[in-house]
Amino acid sequence: MSARSGARLFVAVDPPLEVRERLAAWARGSADGAGTRLVPARLQHLTLAFLGSVEVSEADRIAELALGCAQPVGALATSGPAWLPPRRPRVLAVEVLDGDGALGELQAAVADSLVAAGYYQPERRRYRPHITVARMGGAPRPRPTVGPTPALGFAAQTLTLYRSRLAPTGAEYEALARVPLL
């Protein structure tokens with residue numbers, strides 16, 4: 001599939017803006033200047049399924065399948081910082097605790113729906129909820145030491161199908177379809 005006919009798509013849960021702004025402020029104070037590119041609050045999310053390049057004409061069907069799985073997701077909380085992947089980190093993330101298991105259930109439902117329709121290859125590793133707050137540029141290097149993350153409790157607000165467009169300044173995300181989770 002050529003880059004022209006395909007769109008990089010992913011399904012994600014959106015935390016409240018106040019949570020994303022607090023995490024962006026923490027990242028500015030913890031990781032700025034450590035060879036990282038900060039992720040603006042408006043772009044932070046919890047990815048449930050990254051589909052990669054998909055024909056643009058399939059986006060409506062993917063949205064119907066994925067967003068049809070919507071269910072309330074409450075009892076989430078930020079946990080500690082995580083450099084991912086652990087061995088050769090490329091991102092600084094904030095781990096998210098799934099208090100009642102609803103986020104894990106939503107992720108499994110979205111993944112199963114998209115796998116059944118042939119749009120998604122499930123991950124081999126178990127789902128690890130996190131919000132990426134910074135990306136490392138260049139060659140892998142030692143992880144900078146960062147302080148403790150803010151302790152924030154929240155409920156997910158929306159389930160969104162995003163299109164990712166890569167640019168020299170970093171990825172930009174466009175919401176193609178969205179449903180509330182509250």
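Residues take their numbers from the sequence shown, with the count starting at 1.
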- To the nearest 0.5 Å, tell me how far H130 NE2 sits from L46 CG. 8.0 Å
- CD/Q107 to CG/D98 distance, rounded to the nearest 0.5 angstrom? 10.0 Å
- Are L48 and V54 linked, directly or through other ILVMFWY residues, by side chains that come within less than 4.5 angstrom of each other? yes
- Output for pair (M136 CE, R37 CZ), nearest 0.5 Å, gives 12.0 Å
Distance-only check: which donor-acceptor pairs under 3.5 Å involve side-chain atoms of residues 147-160, not counting sequence neighbours?
{"residue": "T149", "atom": "OG1", "partner": "S79", "partner atom": "O", "Å": "2.3"}
{"residue": "T158", "atom": "OG1", "partner": "D14", "partner atom": "OD2", "Å": "2.6"}
{"residue": "T160", "atom": "OG1", "partner": "D14", "partner atom": "OD2", "Å": "2.5"}
{"residue": "T160", "atom": "OG1", "partner": "R178", "partner atom": "NE", "Å": "3.0"}

- Same apolar cluster: V39 and L23, side chain cutoff 4.5 Å: no
- Task: Compare all side-chain heavy atoms of R135 with those of T36 and state whether any distance is below 4.5 angstrom.
- Result: no
- Query: For the atom pair CG (L38) and CG (L43), what is the distance rounded to the nearest 0.5 Å?
  - Reply: 11.5 Å
- Task: Take atom CZ of R22 as the centre, draw a 6.0 Å sphere, and report whether it contains more than 12 heavy atoms from other residues, nucleotides or ligands.
- Result: no
- Item | Minimum heavy-atom distance R20-P15, with the two atoms named | NE-O, 2.9 Å
- Do Y127 and L103 touch side chain to side chain, with heavy atoms closer than 4.5 Å? yes
- Do the side chains of R128 and L84 get nearer than 4.5 Å, heavy atoms only? yes
- Query: Do the non-hydrogen side-chain atoms of V146 and W26 ever get within less than 4.5 Å of each other?
  - Reply: yes
- Message: For a quick test of reading the model, state the closest non-hydrogen atom pair linking A177 to A63 and the distance between them.
- Response: CB-CB, 3.7 Å
- Task: Any chance you could measure L176, atom CG, to D60, atom CG, to the nearest 0.5 Å?
- Result: 8.5 Å
- Query: What about L51 and Y162, same hydrophobic cluster or not, with Ile/Leu/Val/Met/Phe/Trp/Tyr joined at side-chain heavy-atom distances under 4.5 Å?
  - Reply: no
- Query: Shortest non-hydrogen contact from C69 to L106?
  - Reply: O-CD1, 3.3 Å
- Message: Quick one, L161 and I62 - any side-chain contact, counting heavy atoms below 4.5 Å?
- Response: yes
Donor-acceptor pairs under 3.5 Å, side chain of residues 112-119 to any protein atom, not counting sequence neighbours: which ones?
{"residue": "S113", "atom": "OG", "partner": "L65", "partner atom": "O", "Å": "3.4"}
{"residue": "Y119", "atom": "OH", "partner": "E58", "partner atom": "OE1", "Å": "2.3"}

- All side chain to side chain contact (heavy atoms under 4.5 Å, CB included) counterparts of R42, not counting sequence neighbours: P40, E172
- Note, V11 side chain near T47 side chain (heavy atom, < 4.5 Å): no
- Task: Only counting residues at least two apart or in another chain, list the ones meeting side chain to side chain contact (heavy atoms under 4.5 Å, CB included) with E64.
- Result: R61
- Query: So, does R163 use its side chain to make a donor-acceptor pair with the main chain of A175 at under 3.5 Å?
  - Reply: no
- Query: In the single-linkage hydrophobic clustering (I, L, V, M, F, W, Y; side-chain heavy atoms under 4.5 Å), do L97 and V94 co-cluster?
  - Reply: no
- What residues, two or more places apart in sequence or in another chain, satisfy side chain to side chain contact (heavy atoms under 4.5 Å, CB included) together with S164? R8, F10, L166, A171, Y173
- Query: Would one find more than 12 heavy atoms of other residues, nucleotides or ligands at under 6.0 Å from atom CD of E174?
  - Reply: yes
- Applying side chain to side chain contact (heavy atoms under 4.5 Å, CB included), name anything that partners R90, two or more places apart in sequence or on another chain. P85
